[in-house]
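Everything numeric here is computed off the predicted structure, so don't read it as measured data.
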Amino acid sequence: MNFSQIGWLLTQWYQSHSRDLPWRASKDPYRIWISEVMLQQTRVETVIPYYARWMAAFPDLESLSKAGEQEVLQLWEGLGYYSRARNLVKAACVLMAEYQGKFPDTVRELKKLPGVGEYMAGALASIAYGRDEIALDGNGLRVIARLVEYSAPINTQISKQEIGGIMRQMLTPGSAGDFNQAIMDLGSLICTPKNPLCANCPLHSKCRAFLQGKPEAYPIKARKTPIPHYVVVAAVIRVGNKVLIDKRKADGLLGGLWEFPGGKVEAGEDLPGALKREILEELGVSLIVEDEIGHYKHAYTHYRVTVHVFTGRIPQGEPRALEADEIRWVEISELEGFPMGKVDRLISRALA
DNA sequence: AAAACGTGGGC
DNA sequence: TGCCCAAGTTT
């Protein structure tokens, strides 16, 4: 297969079919960086309003480097994968302190920044700096897997190297940025996971999967492990107009976000019993469990939960942050100002 | 190297 | 409803 010709066809196609997206208006590496981080595992339509708010709040590297974690998480709330937001601030600080406020322009240096991996480094080097580097994402994997009928699972290190090797042969020297964005736009608009629009594809006469009549059979993915389901309890502890929330530790799930205290129900426990145990472990006080005021189902990436929410009161003693970063008593009306994950935000809004 | 890491939309 | 999927990175 003539990969060089295919790359040229893609880049040509992009000239007349590229999407008009806010972050494509300039070559400012900062603007491209923010968009690329937001777009990780996230749809374009979801990102657009977040991107606008972000740029209004943090228009450049310097403003971001001075931002507080809470302020950044608040803007990020709802986008998920919150380590992305924390890493943005870290990287901005590194760039201001060690790179004179300028992005490096090589893949090698870019990859040293927190939150910048293989894909992002290639994207920045090619799109912002015109370097001849590939940026291989999920779209590229799918497009190329179909093109060559790649028969092994694509979610392995080896496959990414092999497909990256093919992509490198396709790359159009001098316009790698357009080439990389072309393959992403093709994957997003034409070569979609379900119901690809092969009739409109500039590559269909060369695509092995299409010629075999089964584009949807590719890419092949290894079967995932089953997703567990947990029952979780949470406490709304009110004193007067205030309610107790805690800030989750910076690492791990929903790191740095606030929540209503609680945790997983263990085997053999009833709901109130589990909640009393969790509050004792987390806050060092006993809890009188009152009424169930709601329940929520939610799916994280690798497990599902049903969260049962109870009101409760602390008969004696002062709660302490034994497992959280911090605890705080806040007015119901102030809850919106504390970044939270989806379930806790639903709970906080139900209280208002 | 496999698992962790969010959320919303489509079917 | 439940599962798949979306411009990946980190440990």
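Atoms NZ (A:K194) and P (B:dG9) sit 17 Å apart, rounded to a whole Å. Atoms CG (A:N195) and P (C:dC4) sit 17 Å apart, rounded to a whole Å. Rounded to whole angstrom, the span from the CD1 atom of A:I32 across to the C1' atom of C:dA7 amounts to 13 Å. In this structure, CD1 of A:I220 is placed 16 Å from P of C:dC4, rounded to the nearest angstrom. As a whole-Å value, the separation of A:E259 CD from B:dG6 C1' is 15 Å. Regarding A:R142, its CZ atom lies at a distance of 9 Å from the P atom of C:dC5, rounded to whole Å. In this structure, the CG atom of A:N155 is 9 Å from the P atom of B:dA2, given to the nearest Å. Residue A:F179 contributes atom CZ, which lies 15 Å from atom P of C:dA7 at whole-angstrom precision.
Side chain A:T46 to base B:dG8: no donor-acceptor pair is found below 3.5 Å. Evaluation of atom-type donor-acceptor distances gives a pair under 3.5 Å for the side chain of A:R19 against the base of C:dA7.
Annotation for A:H295: atom NE2 does not count as buried by contact number, only 12 or fewer foreign heavy atoms lying within 6.0 Å. Counting heavy atoms of neighbouring residues, nucleotides and ligands inside a 6.0 Å radius, atom NZ of A:K249 exceeds 12 of them. Counting heavy-atom neighbours within 6.0 Å of A:N241 CG, excluding the residue itself, gives a total of 12 or less.
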Please tabulate, one pair per line, each protein N/O and nucleotide N/O from nucleotides 8-11 of chain C that are separated by under 3.5 Å, including the distance.
unit_1: C:dG8; atom_1: OP1; unit_2: A:G138; atom_2: N; d: 3.2
unit_1: C:dG8; atom_1: OP2; unit_2: A:Q41; atom_2: N; d: 2.7
unit_1: C:dG8; atom_1: OP2; unit_2: A:Q41; atom_2: NE2; d: 2.9
unit_1: C:dG8; atom_1: N7; unit_2: A:Q41; atom_2: NE2; d: 3.4
unit_1: C:dT9; atom_1: OP1; unit_2: A:G117; atom_2: N; d: 3.0
unit_1: C:dT9; atom_1: OP1; unit_2: A:M120; atom_2: N; d: 3.0
unit_1: C:dT9; atom_1: OP2; unit_2: A:Y119; atom_2: N; d: 3.2
unit_1: C:dT10; atom_1: OP1; unit_2: A:G115; atom_2: N; d: 2.5

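Comparing C:dA7, B:dG6, C:dA6 by their nearest atom to the side chain of A:D185 picks out C:dA7. Nearest nucleotide to the A:Y82 side chain, out of B:dT7, C:dA6, C:dA7: B:dT7. Comparing C:dA6, B:dT7, C:dC3 against the side chain of A:P193 picks out C:dA6 as the nearest.
Contact between the side-chain N/O atoms of A:H298 and the OP1/OP2 oxygens of B:dG6 is not found at any separation under 4.0 Å. The shortest distance between the side-chain N/O atoms of A:H302 and the OP1/OP2 oxygens of B:dA3 is not below 4.0 Å. A close approach under 4.0 Å does not occur between any side-chain nitrogen or oxygen of A:R43 and OP1 or OP2 of B:dG10. Contact annotation: A:Y303 does not reach the phosphate of B:dG6 (side-chain N/O to OP1 or OP2, under 4.0 Å).
For the C1' atoms, the distance linking B:dA2 with C:dA7 amounts to 23 Å, nearest Å. Distance check on atom C1': B:dC5 versus C:dA6 gives 15 Å, rounded to whole Å. Atom name C1', nucleotides C:dT11 and B:dT7: the rounded distance is 23 Å, in whole Å. For C:dC4 and B:dA3, the P atoms lie 15 Å apart once the distance is rounded to whole Å.
A heavy atom closer than 4.0 Å to some atom of DNA chain B occurs in A:G341, A:K342, these being the qualifying members of residues 336-352 of chain A.
Between A:R349 and A:E336, at least one side-chain nitrogen of the basic residue sits less than 4.0 Å from a carboxylate oxygen of the acidic one, meeting the salt-bridge criterion. Salt bridge status for A:R24 with A:D185: present, with a side-chain N to carboxylate O gap under 4.0 Å.
With a 4.5 Å cut-off on side-chain heavy atoms, A:V330 and A:V243 count as touching.
Among the protein residues, A:I158 comes within range of no part of the nucleic acid, since none of its heavy atoms lies under 4.0 Å from any strand. At the heavy-atom level, A:I227 lies nowhere under 4.0 Å from the strands shown. Residue A:A123 is out of contact with every strand shown, counting any heavy-atom pair closer than 4.0 Å. When heavy atoms are screened at a 4.0 angstrom cut-off, A:W33 is found touching no nucleic acid atom at all. A:G252 comes within 4.0 angstrom of the backbone, heavy atoms only, and of no base.
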Give the C-alpha distance, both sets of side-chain angles, the deciding distance and a yes or no for side chain to side chain contact (heavy atoms under 4.5 Å, CB included) between A:V232 and A:T306. CA-CA 6 Å; A:V232 170; A:T306 301; over 6 Å; no
Check against side chain to side chain contact (heavy atoms under 4.5 Å, CB included), A:I34 and A:Y50: CA-CA 10 Å; A:I34 299 300; A:Y50 281 90; over 6 Å; no
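Place A:Q157 and A:R86 on DNA chain B by their nearest nucleotides, and A:Q157 ends up nearer the 5' end. Each of A:M184 and A:K297 lies near DNA chain C, and the nucleotide nearest A:K297 is the one positioned closer to the 5' end.
When the side chain to side chain contact (heavy atoms under 4.5 Å, CB included) test is applied to A:Q41, the partners found at least two apart in sequence or on another chain are A:Y81.
The side-chain tip of A:K112 does not point at the ring of A:Y99 from less than 6.0 angstrom away and within 45° of straight on.
Each of A:R248, A:K247, A:K342 was evaluated against A:E259; a single residue qualifies, A:R248, per the salt bridge (Lys or Arg N to Asp or Glu O under 4.0 Å) test.
Taking the centre of each ring, A:Y300 and A:H302 stay at or above the 6.0 Å mark.
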